[in-house]
Protein chains: 2
Amino acid sequence: MRKEKIPDVVVRRLPLYLRAVEDFDRREHVVVSSQELGDFTGLTSAQVRKDLTFFGEFGKQGIGYDVKFLRMQLREILRLTTDVHIGLAGLGNLGKALVHYRVDANSRQRARFPVSPDRLRISAAFDVDPAKVGTVYAGVPVFHIDQLTEKVQEYGLRIMVNAVPAEYAQEVVDRVVASGIKSILNFAPVTLTVPDTVRVHSADLTLELQSLAYYAE
Amino acid sequence: MRKEKIPDVVVRRLPLYLRAVEDFDRREHVVVSSQELGDFTGLTSAQVRKDLTFFGEFGKQGIGYDVKFLRMQLREILRLTTDVHIGLAGLGNLGKALVHYRVDANSRQRARFPVSPDRLRISAAFDVDPAKVGTVYAGVPVFHIDQLTEKVQEYGLRIMVNAVPAEYAQEVVDRVVASGIKSILNFAPVTLTVPDTVRVHSADLTLELQSLAYYAE
DNA sequence: GATTGTGAACGGATTCACAGCA
DNA sequence: TGCTGTGAATCCGTTCACAATC
């Protein structure tokens, strides 16, 4: 079993390493050193080595890391070896943009980097607007939010992206939690309350912009 | 002068305190304790007190913090007492959604919470598409990216939101840096290189989703 | 010679705990 | 009494530095 006390900061750096190693793979490097990974990600080589050894001894002393091997290890650690089905709550402007963001990223990636298909898929969307429910938006079927639990099962949704207006965010998240989902990416500019078995990552643009204002000019 | 070594983690929590104190203000509380602020934000009361004392002694022993006074102090610290003009690079799906995100948030807030107008404004957008340049999108004028430096001056832009495709992100950021802007909110899924006088906050959805996948299910 | 893996040292952020004040 | 402000203690993540190994 994994998950024996891996610090959150380490988990959050793993996708950075994955991105780096896929870039080296694309450029047909066979091995990569912790120094090179550090340069790419903006971290120290010691940091890279220490992070990776949380999960195993992937390198060879005097040589470095085998690119293809490390890439596959990282994908397995992050559970990205099979499709990850994602639900989207709220098909407003932002929700629609997120659908395209993924679709575009995927198709661009498939075309240019066939070796590293992204396994993240928005597989179902949820809204309350009768004009949207029952339609298919850019290939993504749209259901009423009341069907959430049912569709989570049906589509095997493991992550929910919350793009509903702030005033409904907590309510929707409560339903998402009830449906059994354990990972939420939240865009609503509110502090959400969830059981601590559920992980929420927030992309709170208001917070980001307000803290940037401190440094601006 | 401020900015004498305030840790970044502290600055990033300030908007959270602002949000909390505005909520207490809205509910017409006159004073608020560090405990209440901690409950709202999910932090300890000691953390709240220590953070605030980086900027001054805002509280009264035995009483707590005066809500209106603390609110104004936080707005001044974050430089949110006058309009903060923001530029947007890339008016694709995501860029358009961001324009609406702000506009919607602002108008909703104005209607419901006239006491706390948000001072963040997307004042100009930039693209290279001839079909977009010269138009006005949802009240925001759209300029060619070549006019960046000129319009940064003209509109007093202090923050740039980067919503261009990944492959142009570094190039655009180089221009943004050259224009003199010191704060960037980046949505492109790439690691950017900037001088360390420039601050980049990233909203990298790919990274967020990939790290969530680790915890999912 | 090069580079990993890691114990030890370091540093910075969080929490504790209490003196001081309303 | 209640709650702030803060030095001291603690915790935790990062960096150092080097033995082990290819």
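Since the model is a prediction, treat every value here as computed from it, not as a measurement. The sequence lines fix the lettering, A, B, ..., with proteins before strands; numbering per chain opens at 1.
- When DNA chain C is scanned 5' to 3' for any atom under 4.0 Å from a heavy atom of chain B, the first and last hits are C/dA13 to C/dA22.
- Within the structure, salt bridge (charged side-chain N to carboxylate O under 4.0 Å, His left out) contacts touching residues 175-187 of chain B (residues at least two apart or in different chains) are B/Asp146-B/Arg175.
- Checked against ring-ring contact (aromatic ring centres under 6.0 Å, His included), B/Tyr155 has the following partners two or more places apart in sequence or in another chain: B/Phe143.
- Applying the salt bridge (charged side-chain N to carboxylate O under 4.0 Å, His left out) test to every pair with at least one member in residues 194-212 of chain A, sequence neighbours left out, gives these pairs: A/Asp8-A/Arg199, A/Asp204-B/Arg19, A/Glu208-B/Arg12.
- Using a cut-off of 4.0 Å between Lys/Arg side-chain N and Asp/Glu carboxylate O, B/Glu22 and B/Lys68 are scored as not salt-bridged.
- Between B/Tyr65 and D/dG5 there is a side-chain N or O to OP1 or OP2 distance below 4.0 Å.
- Taking A/Phe69 as the reference, A/Phe58, A/Asp66, A/Gln73 meet the side chain to side chain contact (heavy atoms under 4.5 Å, CB included) condition, with sequence neighbours excluded.
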For a quick test of your reading: what N or O donor-acceptor pairs under 3.5 Å do the side chains of residues 38-48 of chain A make, sequence neighbours left out?
residue: A/Asp39; atom: OD1; partner: A/Gln35; partner atom: NE2; Å: 3.1
residue: A/Thr41; atom: OG1; partner: A/Leu37; partner atom: O; Å: 2.8
residue: A/Thr41; atom: OG1; partner: A/Gly38; partner atom: O; Å: 3.4
residue: A/Thr44; atom: OG1; partner: A/Gln47; partner atom: N; Å: 3.1
residue: A/Ser45; atom: OG; partner: A/Arg49; partner atom: NH1; Å: 3.3

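- With sequence neighbours excluded, no residue satisfies side-chain hydrogen bond (donor to acceptor under 3.5 Å, both in side chains) with A/Gln153.
- We find that CZ of B/Phe54 is positioned 14 Å from C1' of D/dG7, with the value rounded to whole Å.
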- Item | B/S/- contact track for nucleotides 16-22 of chain D, protein heavy atom under 4.0 Å | BB--BBB
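- When heavy atoms are screened at a 4.0 angstrom cut-off, B/Ser34 is found touching the sugar-phosphate backbone but no base atom.
- Atom P of nucleotide D/dG13 and atom CD1 of A/Ile6 are separated by 11 Å, given to the nearest angstrom.
- Rounded to an integer number of Å, the gap from CD of B/Gln47 to C1' of D/dA9 is 16 Å.
- Judged as a side-chain hydrogen bond (donor to acceptor under 3.5 Å, both in side chains), and not counting sequence neighbours, the contacts of A/Asn162 are A/Asn186.
- Atom CG in B/Leu70 sits roughly 13 Å away from atom C1' in D/dT4 (whole-Å rounding).
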